[in-house]
Number of protein chains: 2
Amino acid sequence: MKPRTRRGGGRPTIADVARLAGVGAITVSRALREPERVSETLRQQIQQAVEELGYVPDPNARALASARAEVFGVLVPSLTNAVFAEVVRGIYDSLSDGPFRVQLANTHYSGLEEERLLQLFLSQRPAALIVSGIDQTDTSRRLLETADCPVVQIMEIGPDPIDMMVGFSHLEGGRVATNHLIEAGCRRIGFLGARMDPRSQRRLAGYKAAMKAAGLFDPRLVTTTPVPSSVTLGRDLFRDALAKMPSLDGVFCNNDDIALGVIFECHRAAIAVPQTISVCGFNDLDMMQVAYPSVTSIRTHRYEIGRQAVGMAMAAIDGSRPENRIVDLGFELRRRESTDRQN
Amino acid sequence: MKPRTRRGGGRPTIADVARLAGVGAITVSRALREPERVSETLRQQIQQAVEELGYVPDPNARALASARAEVFGVLVPSLTNAVFAEVVRGIYDSLSDGPFRVQLANTHYSGLEEERLLQLFLSQRPAALIVSGIDQTDTSRRLLETADCPVVQIMEIGPDPIDMMVGFSHLEGGRVATNHLIEAGCRRIGFLGARMDPRSQRRLAGYKAAMKAAGLFDPRLVTTTPVPSSVTLGRDLFRDALAKMPSLDGVFCNNDDIALGVIFECHRAAIAVPQTISVCGFNDLDMMQVAYPSVTSIRTHRYEIGRQAVGMAMAAIDGSRPENRIVDLGFELRRRESTDRQN
DNA sequence: TGCAATGATGGTAGCGCTACCAAAATCCTC
DNA sequence: GAGGATTTTGGTAGCGCTACCATCATTGCA
């Protein structure tokens with residue numbers, strides 16, 4: 001009977017450190033997690049023992065004993081969408097120095113998938129959860145409300161947060177973009193939308209509101225598809241819209257990929273931008289300012305959303321929940337050549 | 001003294017399921033992990049009890065007891081780079097139905113960061129590790145060699161795998177792209193490169209090899225920067241290259257973002273593509289075929305690399321390590337308008 | 001029919017860590 | 001300098017699960 005190294009790969013445990021440092025195991029545990037509760041002397045002895053043995057705490061044992069994993073669960077609808085990629089980067093960057101790991105999953109824009117993943121995440125007792133959007137299913141919402149950890153909904157804001165929120169109003173974004181096209185002198189402004197997830201729907205709603213307010217709305221101006229967005233699709237949608245409505249003089253694109261597809265198609269078909277057709281995108285990806293012509297877009301603060309989401313969750317974990325449970329990071333209209341009809 | 005629900009959130013445990021099903025805890029454990037080792041009758045009883053209680057196994061307890069977490073550790077140098085985003089998507093998609101979670105981390109193209117993250121990952125005893133590239137530091141390599149789990153190096157292939165590899169030859173890619181430009185009739189072909197990570201370096205080496213073989217190499221044709229790649233940077237590099245070498249008649253771009261920057265700048269400066277300057281990119285992002293002119297590029301199989309990496313690791317976990325430890329997924333030259341000087 | 005081989009099931013003992021409480025050491029205050 | 005308050009340290013008992021081995025039932029074969 002040799003209980004030593006029976007299963008573990010022989011890696012040092014907290015008991016080994018304790019023995020070497022001549023203290024109790026629990027003191028080592030404390031020295032690592034709450035150094036201020038351990039005297040300077042012991043802290044140094046322990047630190048030295050840790051280094052000598054190359055001790056690294058086992059996160060699984062830790063999670064089991066404390067009934068709390070040092071994990072941020074993050075649910076996003078897409079991994080390849082540049083917008084979410086930046087949000088995710090913001091989250092990872094904010095979390096990289098702390099003890100927290102990230103558990104990322106892709107819902108593929110499916111509420112059911114989100115439920116399933118939430119269930120999975122919850123089984124780990126995460127330290128916090130970050131979910132995309134505000135349109136969770138009833139089941140998901142219930143799971144999140146009873147989750148016993150901070151929850152941050154990101155990308156959008158709305159009136160009824162599960163816990164906390166950081167994002168901006170897509171409806172307002174759509175409205176501002178559309179109004180900008182109207183002010184630029186466009187009258188028959190098309191809406192091109194792909195995927196039509198809830199955020200796209202709200203941008204469309206903002207477009208409709210602006211168009212109706214100006215007395216310019218016509219349902220034939222709207223061209224959408226449930227197909228995932230891409231530059232190629234932008235070109236196709238634009239062709240469809242033009243076939244339906246040859247007199248278009250502006251398009252508000254659901255996102256920048258579509259706008260780029262429009263720009264390319266205009267080159268190909270020798271349509272003058274902005275003179276014949278003005279173009280406005282959404283998100284303001286890096287390339288929009290370099291495009292020819294440069295493309296007007298709504299700048300959104302994706303990276304910052306990721307950072308703030310982590311910041312808010314962290315504050316809640318530390319017990320200092322921000323008084324502002326809803327953070328509106330806004331957006332900015334970036335005016336560029338594609339809507340500048342003056343020259 | 002009430003040991004019941006003392007710490008756990010009152011969620012059902014395997015013991016609760018066992019009690020309800022009238023079997024031993026270990027039998028429940030087996031029914032869940034190796035159903036074929038449990039009789040049909042008990043399996044059904046257990047399944048019913050699981051559903052009735054809404055039991056979800058605790059992955060932390062599982063990992064602790066079995067000294068093996070059901071986690072795939074994945075290290076990539078960037079989360080926003082479209083290429084790695086697709087690799088990561090392939091990995092997630094392949095893993096989504098199985099029991100495995102993904103632990104993703106961003107090395108920011110830093111070997112030191114990679115070492116640190118590897119250490120962190122290893123403390124979880126992952127089921128497999130997927131790392132990017134073949135240029136690990138000595139320390140990282142040692143950690144991986146003694147990792148006691150399958151290791152897959154992705155994106156590149158080389159002669160000396162740590163364990164397994166799936167990718168393609170960036171050197172060959174660079175050579176093929178350059179030869180294509182030469183065959184198209186270009187003579188003063190510039191190389192534009194950003195970031196200059198090891199893969200970019202090898203594409204550059206391929207370019208040099210092709211140019212030297214054709215007797216066309218001139219160091220002034222090469223323009224690189226350690227700055228991270230972007231479309232904006234592509235424009236700037238192109239301007240620099242042109243200032244240095246106004247007689248350029250072709251450019252091989254390290255990646256498609258840079259190629260796109262070149263295309264836009266050519267529009268702006270009224271340089272005819274491909275007649276005056278031909279352009280070739282690398283990776284073949286979706287938008288290259290829609291661009292105007294459409295852009296010749298080297299198609300790489302990112303998503304497939306992610307899928308294969310998981311497949312190989314999975315096979316190794318199941319004990320059927322593939323005999324081919326190095327999988328070359330190759331690449332394809334996609335000829336498009338930007339290098340078609342015939343018309 | 002008897003007995004080894006095989007398969008199904010269960011008990012026990014941890015995995016490595018921390019919550020909880022108790023004990024010891026230190027610090028005040030009057 | 002006594003007595004209480006406070007800080008620092010340690011022991012014990014799990015967290016929920018599975019590895020290991022023991023046990024019992026079933027089967028196969030002479």
Side-chain angles (χ1 to χ4, degrees), chain A residues 1-19 21-46 50 53-70 99 122-125 127, chain B residues 1-19 21-46 50 53-70 99 122-125 127:
Chain A
M1 177 170 155
K2 41 164 185 160
R4 199 93 290 262
T5 72
R6 212 193 60 191
R7 281 193 253 168
R11 299 185 335 165
T13 73
I14 205 168
D16 298 325
V17 177
R19 207 170 306 121
V23 300
I26 190 66
T27 307
V28 175
S29 174
R30 263 197 292 263
L32 261 29
R33 291 176 303 134
E34 330 167 77
E36 71 282 0
R37 307 238 296 105
V38 173
S39 70
E40 178 63 22
T41 338
L42 286 194
R43 209 186 313 160
Q44 285 186 355
Q45 282 177 44
I46 291 169
V50 164
L53 294 173
Y55 170 73
V56 182
D58 181 330
N60 297 119
R62 192 172 260 191
L64 181 59
S66 64
R68 175 69 68 208
E70 290 182 317
L122 255 10
S123 74
Q124 287 185 70
R125 305 166 179 281
Chain B
M1 177 169 153
K2 42 165 184 160
R4 198 94 292 259
T5 71
R6 214 192 58 193
R7 283 192 251 166
R11 297 186 334 163
T13 73
I14 204 168
D16 298 324
V17 176
R19 208 171 304 120
V23 300
I26 190 68
T27 306
V28 175
S29 175
R30 263 197 292 261
L32 262 30
R33 291 176 302 131
E34 330 168 74
E36 71 284 357
R37 305 239 295 109
V38 174
S39 70
E40 179 63 21
T41 337
L42 287 193
R43 209 186 311 160
Q44 285 187 356
Q45 281 177 44
I46 291 169
V50 163
L53 295 173
Y55 169 73
V56 183
D58 181 330
N60 298 119
R62 194 171 258 190
L64 181 58
S66 65
R68 173 69 70 207
E70 291 182 315
L122 255 11
S123 74
Q124 289 186 70
R125 307 165 179 283

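Since the model is a prediction, treat every value here as computed from it, not as a measurement. By convention in this document, chain letters (A, B, ...) are assigned in the order of the sequence lines, proteins followed by strands, and residues within each chain are numbered from 1.
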Looking only at heavy atoms, what is the nearest atom pair of A:Pro57 and A:Pro59, with distance?
O-CD, 3.2 Å
Can you list, by residue number, the residues of residues 22-33 of chain B that have a non-hydrogen atom closer than 4.0 angstrom to DNA chain C?
B:Val23, B:Gly24, B:Ile26, B:Thr27, B:Arg30
Looking at B:Val17 and B:Val50, what are the two nearest heavy atoms and their distance?
CG1-CG2, 3.8 Å
Given B:Ile46, B:Ile14, B:Leu32, the one that forms side chain to side chain contact (heavy atoms under 4.5 Å, CB included) with B:Thr27
B:Ile46
In whole angstroms, how far is the C1' atom of C:dG7 from the CZ atom of B:Arg43?
14 Å
Protein-nucleotide distance (B:Gln124, atom CD; C:dC15, atom P), rounded to Å:
20 Å
So, does B:Ser39 get its side chain near the phosphate of C:dT9, meaning an N or O under 4.0 Å from OP1 or OP2?
yes
Using side-chain hydrogen bond (donor to acceptor under 3.5 Å, both in side chains) as the criterion, list what pairs up with B:Gln124, not counting sequence neighbours.
A:Arg101
Where protein sits on nucleotides 22-27 of chain D, one letter per nucleotide: B base, S sugar-phosphate only, - none, heavy atoms under 4.0 Å
------
Return the set of residues passing side-chain hydrogen bond (donor to acceptor under 3.5 Å, both in side chains) with A:Arg43 (not counting sequence neighbours), or none when no residue passes.
A:Glu40
Looking at residues at least two apart in the chain, or sitting in another chain, which of them share a side chain to side chain contact (heavy atoms under 4.5 Å, CB included) with A:Glu36?
A:Glu34
Pairs flagged by salt bridge (Lys or Arg N to Asp or Glu O under 4.0 Å) wherever residues 59-68 of chain B is involved - sequence neighbours left out:
B:Arg62-B:Glu70, B:Arg68-B:Asp148
Rounded to whole angstrom units, what separation is found between the CD atom of A:Glu40 and the C1' atom of C:dA25?
18 Å
Rounded off to whole Å, could you give me the CG-to-C1' distance for the A:Leu64 and C:dT18 pair?
10 Å
Can you tell me if A:Arg62 touches the phosphate of C:dT18, counting only side-chain N or O atoms and a distance under 4.0 Å to OP1 or OP2?
yes
CG of A:Leu53 versus P of C:dG16: gap in Å, rounded?
14 Å
In whole angstroms, how far is the P atom of D:dG10 from the CZ atom of A:Arg19?
14 Å
To check you understand the geometry: which heavy-atom pair defines the closest contact between A:Leu122 and B:Arg11, and what is its length?
O-NH1, 3.5 Å
If I take atom CD in residue A:Glu70 and atom C1' in nucleotide C:dT18, what distance separates them, rounded to the nearest angstrom?
12 Å
Residue whose closest nucleotide on DNA chain C lies nearer the 5' end, A:Ile14 versus B:Arg37
B:Arg37
Specify the separation, in whole Å, of atom CD of A:Glu34 and atom C1' of C:dC17.
14 Å
Counterpart residues, side-chain hydrogen bond (donor to acceptor under 3.5 Å, both in side chains), relative to B:Arg37 (two or more places apart):
none
